Amino acid sequence: MDTIHLVESEFKLVPAGEDVVLKIDSAKAMPKAKPTKIEVVFSHENGGTIKQTYDLARKLKKTDTNPIGLVLFSILARTALGDSSLEDFSLSKDLPKLVDKHLVCEVKHSDPKDNENGYVYANIKKIIRLADEETVEEVENEEDDL
């Protein structure tokens with residue numbers, strides 16, 4: 001078979017905004033043997049997704065004390081687990097606890113001029129807080145109204 005039938009994209013863009021509720025669908029450490037990255041997939045109730053990879057080893061500058069990916073993942077982990085004093089995070093025990101957590105985030109869209117194909121990407125600018133049950137129910141009820 002040397003030809004395939006191309007289809008239209010089913011891609012849905014996560015909306016931009018300061019109070020966007022995202023659910024963590026999956027979280028995995030990579031590679032499994034000696035993890036240097038953590039990949040987290042977030043979803044929005046509209047079906048859009050954001051895949052975020054946190055590089056635990058790469059520093060932006062030689063003077064940085066911690067890799068930026070570790071700093072950002074620390075914010076995510078502490079917020080999702082509801083423990084701002086959390087110091088240690090177990091990849092085997094704590095990583096699965098992130099799944100199904102709902103977070104209120106600030107989402108920004110990229111400028112289509114920033115890439116040669118003119119695509120718009122949704123990016124998590126800031127993790128604001130863990131969404132409480134009331135916020136999650138409001139989002140689910142809005143979905144039912146559609």
Side-chain angles (χ1 to χ4, degrees), residues 7-146:
V7 297
E8 293 298 317
S9 172
E10 299 277 331
F11 178 78
K12 296 198 190 246
L13 187 65
V14 171
E18 293 183 7
D19 291 317
V20 179
V21 177
L22 299 175
K23 176 184 165 203
I24 298 176
D25 286 333
S26 68
K28 66 180 179 179
M30 306 177 306
K32 285 186 177 184
K34 197 172 184 183
T36 58
K37 296 180 181 181
I38 296 176
E39 180 184 275
V40 181
V41 177
F42 300 85
S43 66
H44 184 263
E45 55 96 15
N46 77 350
T49 61
I50 297 175
K51 184 189 296 184
Q52 189 77 38
T53 302
Y54 300 92
D55 189 333
L56 307 178
R58 195 176 124 240
K59 294 183 180 184
L60 295 178
K61 302 177 205 161
K62 289 183 180 180
T63 56
D64 289 345
T65 55
N66 294 308
I68 190 69
L70 180 58
V71 172
L72 296 173
F73 181 75
S74 297
I75 293 167
L76 168 68
R78 288 181 178 130
T79 304
L81 297 177
D83 185 352
S84 61
S85 64
L86 188 65
E87 290 186 24
D88 294 316
F89 184 89
S90 167
L91 293 175
S92 61
K93 294 178 183 173
D94 295 328
L95 199 57
K97 293 178 186 176
L98 299 180
V99 176
D100 292 331
K101 297 291 184 179
H102 290 80
L103 300 168
V104 177
C105 302
E106 180 179 345
V107 175
K108 294 264 184 174
H109 286 172
S110 66
D111 188 333
K113 296 178 206 164
D114 290 344
N115 63 74
E116 64 185 49
N117 295 323
Y119 295 132
V120 175
Y121 297 99
N123 299 294
I124 298 173
K125 176 83 173 164
K126 186 187 324 181
I127 295 172
I128 299 171
R129 64 181 167 82
L130 184 63
D132 53 27
E133 288 182 31
E134 185 176 307
T135 305
V136 174
E137 285 177 13
E138 285 175 17
V139 170
E140 289 173 352
N141 288 339
E142 285 175 13
E143 185 178 287
D144 291 342
D145 292 342
L146 297 177

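Note that these values count all heavy atoms, side chains included, but never hydrogens, waters or copies made by symmetry. The structure presented is a predicted model; accordingly, all values stated were derived computationally and were not measured.
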**Request:** Starting from the C-alpha separation in whole Å, work towards a yes-or-no answer on salt bridge (charged side-chain N to carboxylate O under 4.0 Å, His left out) for Asp25 and Lys23.
**Result:** CA-CA 6 Å; Asp25 286 333; Lys23 176 184 165 203; 3.8 Å; yes
Flag the pair [X] / [Y] as yes when at least one side-chain heavy-atom distance between them is below 4.5 Å, and no otherwise.
X      : Y      : result
Phe73  : Val71  : no
Leu98  : Phe89  : yes
Lys37  : Tyr54  : no
Asn123 : Ser110 : yes
Ile24  : Val41  : no

**Request:** Check for a donor-acceptor pair, side chain of Asn46 on one end and backbone N or O of Gly48 on the other, with a separation under 3.5 Å.
**Result:** yes
**Request:** For Arg78 and Asp83, indicate whether the former's side chain and the latter's backbone hold a donor-acceptor pair under 3.5 Å.
**Result:**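 No, Arg78 side chain to Asp83 backbone: no donor-acceptor pair under 3.5 Å.
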**Check against side-chain contact (heavy atoms from CB on, under 4.5 Å), Leu103 and Val21** = CA-CA 6 Å; Leu103 300 168; Val21 177; over 6 Å; no
Shortest non-hydrogen contact from [X] toward [Y]:
X     : Y      : result
Val99 : Ala27  : CG2-N, 4.0 Å
Thr49 : Val14  : N-CG2, 3.7 Å
Arg58 : Pro67  : O-CB, 3.2 Å
Lys97 : Lys101 : O-CE, 3.3 Å
Pro15 : Val20  : O-CG2, 3.6 Å
Leu70 : Ser74  : O-OG, 2.7 Å

**Within 6.0 Å of CG in Asp88, more than 12 heavy atoms from elsewhere** = no
**Message:** Does Tyr121 have more than 12 heavy atoms from other residues, nucleotides or ligands lying within 6.0 Å of its OH?
**Reply:**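 More than 12 within 6.0 Å, yes.
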**Message:** I'd like to know whether Lys32 forms a side-chain contact (heavy atoms from CB on, under 4.5 Å) with Met30, so could you lay out the CA-CA distance, the side-chain angles of the two residues, the decisive distance to 0.1 Å, and finally the verdict.
**Reply:** CA-CA 5 Å; Lys32 285 186 177 184; Met30 306 177 306; over 6 Å; no
For the [atom1] atom of [X] and the [atom2] atom of [Y], what is their distance to the nearest 0.5 Å?
X      : Y      : atom1 : atom2 : answer
Leu76  : Ile127 : CG    : CD1   : 4.5 Å
Glu39  : Asp55  : CD    : CG    : 12.5 Å
Asp114 : Tyr119 : CG    : OH    : 15.0 Å
Cys105 : Ile50  : SG    : CD1   : 7.5 Å
His102 : Leu130 : NE2   : CG    : 10.0 Å
Ile128 : Asp19  : CD1   : CG    : 5.5 Å

**Item:** NZ/NE/NH1/NH2 to OD/OE distance under 4.0 Å, Asp64 and Lys61
**Value:**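 Between Lys61 and Asp64 there is no salt bridge, as every charged N stays at least 4.0 Å from the carboxylate O atoms.
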**Asked** Under the salt bridge (charged side-chain N to carboxylate O under 4.0 Å, His left out) test, which residues partner Lys12, sequence neighbours left out?
**Response**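 Expected list: none.
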